[in-house]
Amino acid sequence: MFNQRSAIWALACLLGCAAAPAAFAAPPVSALKSQSVEAIEARAKLAQEINDSLFSFSELAFQEFETARYLTALLEKEGFTIQRNVAGLPSGWVATWTHGTGGPVIALGSDIDGIPKANQKPGVPWREPLVAGAPGHGEGHNSGQAVNIVAALAVRDLMKRHNIAGTLMLWPGVAEELVAGKAFMVRDGVFKDVDAVIFTHVGSNLETAWGQPMGTGLVSVEYTFNGESAHSAGAPWRGRSALDAVELMNMGWNMRREHLRPEQRSHYVISDGGDQPNVVPSVASVWYFFREQGFKEIQNSFDIGNEISEGAAKMTGTTVTRRIIGTAAPRHFNRPIAEAANANIQKVGLPKWTVDEQAFAKLVQLNAKAPKQEGLAVELKKFEPPLAEPKSGGSDDIGDVSWTVPTITIRYPANIPDLPGHNWTDAIAMATPIAHKGVVAGAKVVAMTSLDILTDAKLRQAAKDYFTNVQTKAQQYVPMIGANDKPAIEINADIMARYKPELSKHYYDPARYPTYLEQLGIPFPMLEKPADSSADQ
């Protein structure tokens with residue numbers, strides 16, 4: 001009897017032990033993705049609160065301190081470990097959460113800074129700043145961290161529930177509008193142990209790409225000329241005008257520009273033109289962006305700019321020094337990860353826009369004199385191979401990251417198509433239901449793609465193979481900042497000091513108001529100007 005019972009017990013034990021691993025195995029990735037979608041939809045309110053809070057802070061490059069405090073506090077509360085002041089960036093941080101050992105590291109990043117003089121009341125389709133002259137989110141950088149955080153929280157819960165090993169790392173693009181943050185993060189090793197980067201950026205469709213996209217890389221450099229002051233009327237011959245040198249440099253560059261490749265883009269502002277007219281300026285500065293499509297071509301434009309600056313100094317009897325403010329490598333995105341992301345984009349699809357949302361979008365396009373006034377996108381863009389000859393255009397310092405670790409960018413439909421960019425009109429939709437829906441759609445794709453990377457070793461190997469054997473086979477990363485270069489963290493400090501006291505009166509309080517629009521008393525959609533409105537056209 002004892003032997004029979006022992007045999008039965010042993011058989012039961014064997015069957016139970018054999019079945020145990022299946023009980024703890026993760027479900028198929030398709031099931032995980034469905035669960036992540038449900039988790040993100042359940043966090044739609046959190047996504048809206050993050051989006052609207054960052055919109056209300058309206059902070060410029062290098063001065064994103066309220067944004068950093070808010071986001072790191074939120075992530076710390078959710079169990080993430082926070083590293084602050086990364087890479088010499090006072091508003092920079094990295095948040096990490098790890099489950100198990102030996103799993104892949106996925107870094108989710110998005111920019112956080114605003115645009116000068118772009119302050120605008122959300123949901124108002126004509127010019128009406130909340131604080132006149134203040135910065136605003138005229139690019140939509142208030143939305144990307146909402147995408148990443150709700151995606152990360154959904155994935156984190158699944159990792160814990162199903163015992164999936166890996167690390168989630170969240171980080172901000174500091175001072176992206178000056179392309180002055182990510183190269184320092186790369187130089188200081190922030191991404192050295194990362195397997196894949198998913199970067200998110202506001203757009204007007206749901207899309208991704210691989211290879212070299214349209215656009216450029218750049219070097220951002222400020223030239224400072226030093227001369228000698230004198231009385232402009234009493235003894236001007238005793239002065240050496242630094243402002244003359246700035247103007248001569250600009251004239252020289254504008255003459256040379258005709259003889260550069262048409263793919264180049266270059267722009268400048270006089271950041272210091274002197275003190276007052278009756279004093280010959282002893283110091284003056286001009287700030288240039290030199291954009292091109294390849295590492296060698298960027299360096300060539302930079303070299304020409306340096307030569308012209310030295311010529312201007314010789315012509316005026318002044319001296320010149322230069323300071324690199326920031327750089328952006330030409331971007332190159334990872335094909336296998338982009339293909340995985342696109343498959344998820346096809347599953348998620350665009351948000352279902354209401355009649356009111358479409359009417360509002362078309363009115364914004366009309367007032368912005370958009371070339372097309374067709375409202376919000378209703379069809380996904382095609383996922384196509386990169387152009388054999390990519391067109392020139394803007395830059396993003398995610399390029400530096402993309403040459404360091406396999407990287408993609410996912411654009412999500414939180415803004416209105418065909419707006420000018422870097423403009424107050426681009427802020428109008430960014431704390432409205434349009435942005436809220438677009439953020440949720442983007443978060444679903446980020447979460448699903450993160451799950452692909454976490455669970456599919458073949459995808460990770462394919463991404464690594466593409467990075468090693470295709471992207472970097474003939475072209476390696478060429479950093480344009482040196483070991484002694486430091487971030488220009490003083491930039492915009494005076495502007496934020498001037499406007500922050502008034503801006504802070506309007507920070508969003510989600511404990512009291514369901515949305516920022518409700519806090520400001522703005523109905524949505526606003527399709528007609530109130531009779532008592534004094535807003536500028």
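The basis for the numbers below is simple: all heavy atoms, side chains too, and nothing from hydrogens, waters or symmetry mates. A quick note: this is a predicted structure, and the numbers were derived from the prediction, not measured.
- By the side chain to side chain donor-acceptor pair (under 3.5 Å) test, Q276 is found to be paired with N278, residues two or more places apart in sequence or in another chain being considered.
- Checking S395 against R291 by side-chain atom types alone, a donor-acceptor pair falls below 3.5 Å.
- Residues N205 and Y412 have side chains that never bring a donor and an acceptor to within less than 3.5 angstrom of each other.
- Partners of H259 by side chain to side chain contact (heavy atoms under 4.5 Å, CB included), not counting sequence neighbours: none found.
- A donor-acceptor pair under 3.5 Å is absent between the side-chain atoms of Q63 and the main chain of D113, judged by distance alone.
- A donor-acceptor contact shorter than 3.5 Å is absent between the side chain of Q120 and the backbone of G138.
- For the 3.5 Å distance criterion, the side chains of Y516 and S53 fail to qualify, holding no donor opposite an acceptor.
- Checked by atom type, the side-chain pair R257/S266 shows a donor-acceptor distance below 3.5 Å.
- Every residue meeting the side chain to side chain contact (heavy atoms under 4.5 Å, CB included) condition with V283, not counting sequence neighbours, appears here in chain and number order: T224, N226, D272.
- Residues satisfying the side chain to side chain contact (heavy atoms under 4.5 Å, CB included) test with A242, not counting sequence neighbours, are F225, A284.
- E310 places no side-chain N or O within donor-acceptor distance of the main-chain N or O of T319, the cut-off being under 3.5 Å.
- A salt bridge is defined here as a Lys NZ or Arg NE, NH1 or NH2 lying under 4.0 Å from an Asp or Glu carboxylate O, and K182 with D396 meets this definition.
- Take Q299 and apply the side chain to side chain donor-acceptor pair (under 3.5 Å) test, not counting sequence neighbours, and it matches D303.
- Panel note: side chain R187, backbone G482; a donor-acceptor pair is recorded below 3.5 Å.
- Side-chain atoms of V405 and D195, non-hydrogen and from C-beta on, never get closer than 4.5 Å to each other.
- Residue pairs meeting the salt bridge (Lys or Arg N to Asp or Glu O under 4.0 Å) criterion with at least one member in residues 197-215, sequence neighbours excluded: E207-K381.
- Remark: side-chain polar atoms of T167 are not paired, donor with acceptor, to backbone N or O of V105 under 3.5 angstrom.
- With sequence neighbours left out, the ring pair (Phe, Tyr, Trp, His ring centres under 6.0 Å) criterion links H141 to H201.
- In this structure E502 satisfies the salt bridge (charged side-chain N to carboxylate O under 4.0 Å, His left out) test together with K505, sequence neighbours excluded.
- Judged by distance alone, the side chain of N254 and the main-chain N or O of N250 form a donor-acceptor pair under 3.5 Å.
- Nearest heavy-atom pair across T515 and Q48 is CA-NE2, 3.5 Å.
- A donor-acceptor contact closer than 3.5 angstrom links the side chains of Y466 and H332.
- Residues forming a side chain to side chain donor-acceptor pair (under 3.5 Å) with S110 (at least two apart in sequence, or on another chain): T200.
- Although no hydrogens or angles enter the test, the distance criterion places a donor-acceptor pair under 3.5 Å between the side chain of N367 and the main chain of P125.
- The existence of a salt bridge linking E307 and K314 is excluded, since no basic side-chain nitrogen approaches an acidic carboxylate oxygen closer than 4.0 Å.
- R335 forms a cation-pi arrangement with W210, by the criterion of a distance under 6.0 Å to the ring centre and an angle within 45° of the ring axis.
- Here A361 pairs with L376, I416 under the side chain to side chain contact (heavy atoms under 4.5 Å, CB included) rule; sequence neighbours left out.
- Sorted by first then second residue, the salt bridge (Lys or Arg N to Asp or Glu O under 4.0 Å) pairs that include residues 48-65, not counting sequence neighbours, are K45-E49.
- Within the 4.5 Å cutoff, no side-chain heavy atoms of Q264 are placed close to those of E297.
- Remark: the backbone N or O of P390 is paired with a side-chain donor or acceptor of Q293 at under 3.5 angstrom.
- At a threshold of 4.0 Å, the pair R261-E292 counts as salt-bridged, since one of the basic side-chain nitrogens sits closer than that to a carboxylate oxygen.
- Within the 3.5 Å criterion, the main-chain N or O of I337 finds a donor-acceptor partner in the side chain of N334.
- In this structure, N142 contributes its side chain and M430 its backbone to a donor-acceptor pair below 3.5 Å.
- Not counting sequence neighbours, the partners of S220 by the side chain to side chain donor-acceptor pair (under 3.5 Å) test are W287.
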task: Determine, step by step, whether K369 and D418 satisfy the salt bridge (Lys or Arg N to Asp or Glu O under 4.0 Å) criterion, reporting the C-alpha distance in whole Å, the side-chain angles of both residues, the deciding distance to 0.1 Å, and the verdict.
output: CA-CA 9 Å; K369 299 180 175 60; D418 296 308; over 6 Å; no
